[in-house]
Visitor: 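The structure follows.
Convention: sequence-line order gives letters A, B, ...; per-chain numbering from 1.
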Protein chains: 2
Amino acid sequence: MGLSKTTIFTKQQNEIALFAKAFGHPARVAILQHLFKIKTCVCGDLVSEIKLAQPTISQHLKELKNLGLIQGSVEGTRVCYCINPEKWTAMQKIMHSFLDKEIPQPDCC
Amino acid sequence: MGLSKTTIFTKQQNEIALFAKAFGHPARVAILQHLFKIKTCVCGDLVSEIKLAQPTISQHLKELKNLGLIQGSVEGTRVCYCINPEKWTAMQKIMHSFLDKEIPQPDCC
DNA sequence: TTGTTATATTGCAATATTACGATTAATAAT
DNA sequence: ATTATTAATCGTAATATTGCAATATAACAA
């Protein structure tokens, strides 16, 4: 299939999965880490920073932008990308609610 | 392609991506949430809890097990699954290091 | 205008993922 | 022994993802 049956899951479960999926590729992790490191928003820098072709980087950026985790603003021929602080904070809250639970001590395995 | 170029990324970036990928499907999120909720480890319960076919659940369980996030132990005809506390804690640390950074205030976008 | 630079889009090939029916393996129950 | 129960595996169809060459677009430069 290749198609996830999203309708049978809760909104929260789908939301977690969507964010996680965005982080599920090292290129997107690298892009985000670079945006965190360089306060000044960058763009073409990412292409030289990460050894992937320009269309590939552009594609990953698009995904992150569609999710809302990053923003881009045109500056002449360049496009300046940066983290969207509000969305990132919202995402953190959701991911923490999933990751930070009291871990039950297994009584079988 | 469909094949990620893992070699051009750091070990940490690949590690983050691997864990995130595991959470990138609502069924696996649901499985983990259920294991957190039900202290007592379950298995066939997951099949009735989540409306996916048994082989599909089994496949998702295998992925989580391969990553080490869950463990399974045979109990007669049943298999009892549970969270692997050590691995879960290690994963938390890694994901937090990625998610919980000081968010730079954008000066362009 | 013509060329240059920076990014996005398109189209496509290779591979991965999701889902499930059919089957298998292993134990339990009769 | 035979049958039922449970879970894993195999095989396969449908779809998604990754990566890039080629091309398009858009703004600036000469």
Visitor: Quickly work out the A:Arg78 CZ to C:dT5 P distance and round it to whole Å.
Guide: 11 Å

Visitor: So, A:Thr56 side chain and A:Leu52 main chain: donor-acceptor pair closer than 3.5 Å or not?
Guide: no

Visitor: Specify the separation, in whole Å, of atom CD of A:Glu63 and atom P of D:dA16.
Guide: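 In whole Å, D:dA16 P and A:Glu63 CD are 13 Å from each other.
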
Visitor: Sugar-phosphate means primed atoms, P, OP1 and OP2; the rest is base. With that split, encode nucleotides 19-30 of chain C 5' to 3' as B, S or - using protein heavy atoms under 4.0 Å.
Guide: BBBB----BS--

Visitor: Whole-Å distance between D:dA7 P and B:Glu49 CD?
Guide: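 In whole Å, D:dA7 P and B:Glu49 CD are 14 Å from each other.
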
Visitor: Checking A:Gln92 side chain against B:Leu99 main chain: does a donor-acceptor pair fall under 3.5 Å?
Guide: yes

Visitor: Between atom NZ in B:Lys21 and atom C1' in D:dT17, what is the gap in whole Å?
Guide: 9 Å

Visitor: On the nucleotide C:dA6, are OP1 or OP2 found under 4.0 Å from the side-chain N or O atoms that A:Tyr81 carries?
Guide: no

Visitor: Would you mind reading off the distance between A:Lys62 atom NZ and D:dT25 atom C1', rounded to a whole angstrom?
Guide: 14 Å

Visitor: So A:His60 and A:His25, would you call those rings parallel, tilted or perpendicular, with 30° and 60° as cut-offs?
Guide: tilted

Visitor: Using ring centroids (six-membered ring only for Trp), state whether B:Trp88 and B:Phe19 fall under 6.0 Å.
Guide: no

Visitor: Please confirm whether the backbone N or O of A:Thr6 pairs with a side-chain atom of A:Asn14, one donor and one acceptor, at under 3.5 Å?
Guide: yes

Visitor: Using the rule that Ile, Leu, Val, Met, Phe, Trp and Tyr join whenever any side-chain heavy atoms are under 4.5 Å apart, tell me whether A:Ile38 and A:Ile70 fall into a single cluster.
Guide: no

Visitor: Starting at atom CD1 of A:Ile57, determine the distance to atom P of D:dG19, rounded to an integer number of angstrom.
Guide: 9 Å

Visitor: How many Å lie between CZ on A:Arg28 and C1' on D:dA16, as a whole number?
Guide: 12 Å

Visitor: Round to a whole Å and report the spacing from CD of A:Gln71 to P of C:dT7.
Guide: 17 Å

